[in-house]
Amino acid sequence: MSEQKKHKTLEDFRAEIDRCVKCGACQAQCAVYKTLKRESTVARGKVAIAEALLDKDLPLNDRFVLDMSQCLLCGSCYDKCPNLVPTDEIVMAARREIAERKGLSTFGKALTGIIKRPKLMDVLAKSGQRFGSLLFKKVPEHSGLRLRFPAPFIAQDRAIPEIAKTPFRERYPAKIAGDADKPLVAFFTGCMINYTYPEVGEALVKIMRFMGFPLVVPEGQGCCGLPAHAAGDAATVDQLADSNVAAFAREDAVVVTACASCNAGIGKHYRDMGGNYAVLGEKVVDVLKFLVDNGLVEKLATLDVPQEAVRVTYHDPCHLRTQGITAEPRALLRALPGVEFVEMDGADRCCGLGGTFSVYHYDTSLKIGSRKADGIAASGADMVASACPGCMMQLQDSIEHAGLSQRVCHVLELIAARLPE
């Protein structure tokens with residue numbers, strides 16, 4: 001790459017840190033603070049300890065590492081901050097400093113060691129699928145699997161989705177034809193759609209065919225890098241970014257994501273990296289926004305209405321909500337024949353996943369998720385739709401722990417189910 005990548009250090013955020021006036025507006029937005037009630041878990045607390053580290057008033061000790069790990073990176077604090085202090089970016093800069101000075105955690109090493117090796121990911125996924133019956137036990141059909149035996153980093157009572165028998169990217173040719181007058185669309189699949197939720201990718205393909213858009217699924221693409229960002233592993237972020245830029249540079253196309261986290265990973269974060277990474281980042285758009293902008297709402301109005309209706313509510317993924325992408329999924333659900341859309345209380349609250357947060361702090365993650373389950377139950381919905389596979393996994397786990405019966409799906413799945421074959 002001709003352009004040099006740059007990941008900001010804590011010192012680079014000095015001006016933003018100085019903008020924090022400790023007003024406390026972030027307290028009302030922080031799901032972790034609402035659960036733990038500790039000042040170090042809220043945005044202004046994290047800004048204060050980051051400043052203390054810069055001023056050498058605080059050592060980079062185990063307590064500092066713990067405080068910086070207790071952040072969902074949801075961006076809700078920035079979204080409501082009167083001075084627009086980017087606490088999530090400051091926390092990621094602090095985690096990079098931790099990794100540089102103290103090394104990655106054991107889980108961080110394992111995670112980033114896997115995601116930067118696509119062939120290893122394929123092998124592990126296929127092995128996990130093959131031996132899943134030995135390692136996991138089935139819980140109610142809509143929920144997923146639970147571990148039979150203790151395993152590192154995974155809570156034994158957590159419901160997780162099954163690994164797909166065949167990854168999504170192995171199910172389709174690299175290029176799928178469409179109408180000659182329609183622009184080319186490139187699909188960034190992400191890891192969870194490729195390995196655990198391929199039905200979301202299949203729904204996207206069906207919808208693009210219905211709309212007439214030619215589709216390409218570039219070979220050589222890999223993880224968006226968001227897990228490595230969360231772990232503080234800048235080198236792995238760079239490696240993954242190089243691979244993805246090379247994969248998508250071959251196609252002159254808009255790049256759609258069906259995962260809110262991936263949208264942030266190759267959209268916002270690539271734009272922040274500058275150079276050729278920003279070029280790719282500028283092409284990235286969430287698929288629901290793309291579909292609304294290209295007339296799918298109007299097309300849905302022409303479909304036949306099924307005899308039975310389903311009541312659906314929607315959970316806002318943080319990485320879309322903080323970009324203002326909230327109306328589009330609701331417009332699609334309201335226009336979908338046979339769907340009665342209902343709002344739930346707290347639809348815009350974080351589900352509690354936060355990537356690596358739910359591994360390190362599963363008990364807290366589960367408490368945050370329980371509040372989402374309360375909103376789901378009160379809505380009276382039969383199904384919960386979202387636009388992020390990570391949120392889908394967390395929501396289904398929260399529903400299972402609450403003893404509810406709702407099933408979680410992607411908005412794309414609901415749409416595809418009502419399209420003609």
Side-chain angles (χ1 to χ4, degrees), residues 13 16-17 19-50 67-95 226-227 229-230 259-265 267-269 272 286 313-330 343-358 360-361 364-376 384 386-388 390-395 398:
F13 283 104
E16 288 86 349
I17 289 172
R19 287 207 306 266
C20 178
V21 295
K22 314 298 188 292
C23 68
C26 48
Q27 283 188 344
Q29 314 303 323
C30 182
V32 181
Y33 176 77
K34 288 179 181 178
T35 304
L36 299 179
K37 302 294 185 184
R38 289 206 299 268
E39 181 66 16
S40 61
T41 62
V42 79
R44 70 177 183 182
K46 285 184 167 51
V47 171
I49 60 176
D67 289 340
M68 286 303 171
S69 74
Q70 291 178 323
C71 178
L72 291 159
L73 300 177
C74 66
S76 297
C77 50
Y78 172 76
D79 200 34
K80 301 296 182 182
C81 177
N83 287 344
L84 296 179
V85 179
T87 310
D88 55 336
E89 295 182 29
I90 292 169
V91 168
M92 284 192 288
R95 291 181 183 179
L226 202 61
H229 272 294
C259 171
S261 298
C262 289
N263 186 273
K268 177 185 183 301
H269 292 300
D272 291 344
D286 174 71
T313 192
Y314 178 74
H315 161 74
D316 288 285
C318 295
H319 289 301
L320 294 188
R321 174 179 51 76
T322 53
Q323 296 183 67
I325 302 175
T326 58
E328 291 86 352
R330 288 170 170 82
E343 283 285 358
M344 70 167 160
D345 181 49
D348 61 347
R349 288 199 294 260
C350 182
C351 66
L353 180 72
T356 55
F357 177 91
S358 67
Y360 293 123
H361 309 292
T364 304
S365 176
L366 194 58
K367 290 175 183 176
I368 295 169
S370 70
R371 291 196 286 270
K372 296 296 299 190
D374 291 342
I376 292 167
V384 185
S386 192
C388 180
C391 293
M392 290 166 60
M393 180 179 70
Q394 173 77 356
L395 290 168
S398 299

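Positions are given from 1 along the sequence.
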Of all heavy-atom pairs between [X] and [Y], which one has the smallest distance, and what is that distance?
{"X": "T313", "Y": "E343", "value": "OG1-C, 3.7 Å"}
{"X": "Y33", "Y": "E39", "value": "CE1-N, 4.3 Å"}
{"X": "C77", "Y": "T87", "value": "SG-CB, 3.6 Å"}
{"X": "A48", "Y": "K22", "value": "CB-CE, 4.0 Å"}
{"X": "C71", "Y": "R95", "value": "O-NH2, 3.3 Å"}

Residues that H361 engages under ring pair (Phe, Tyr, Trp, His ring centres under 6.0 Å), provided they are two or more places apart:
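Checked H361 against ring pair (Phe, Tyr, Trp, His ring centres under 6.0 Å); matches are F357.
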Within a strict 4.5 Å, meaning less than it, do heavy atoms of the [X] and [Y] side chains meet?
{"X": "I90", "Y": "K46", "result": "no"}
{"X": "L226", "Y": "L73", "result": "no"}
{"X": "V384", "Y": "Y314", "result": "no"}
{"X": "H315", "Y": "M392", "result": "no"}
{"X": "C81", "Y": "R19", "result": "no"}

Going by atom types only, do S365 and Q394 share a side-chain donor-acceptor pair under 3.5 Å?
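Yes, because at least one side-chain N or O of S365 sits under 3.5 Å from a partner of the opposite role on Q394.
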Do the side-chain N and O atoms of Q323 and N263 include a donor-acceptor pair separated by under 3.5 angstrom?
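Yes, because at least one side-chain N or O of Q323 sits under 3.5 Å from a partner of the opposite role on N263.
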Donor-acceptor under 3.5 Å (S386 side chain, C391 main chain)
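Answer holds: no.
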Could you go through K268 and E89, starting from their C-alpha distance and side-chain angles, then the distance that decides it, and tell me whether this counts as salt bridge (Lys or Arg N to Asp or Glu O under 4.0 Å)?
CA-CA 11 Å; K268 177 185 183 301; E89 295 182 29; 2.8 Å; yes
What is the distance from atom CZ of R371 to atom CG of D345, rounded to the nearest 0.5 Å?
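The distance works out to 11.5 Å.
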Pick one: which of D67, L36, T364, T35 meets side-chain contact (heavy atoms from CB on, under 4.5 Å) with T41?
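The side-chain contact (heavy atoms from CB on, under 4.5 Å) with T41 is passed solely by L36 among D67, L36, T364, T35.
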Does atom NZ of K367 have more than 12 heavy-atom neighbours, drawn from other residues, nucleotides or ligands, at distances under 6.0 Å?
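No, not enclosed.
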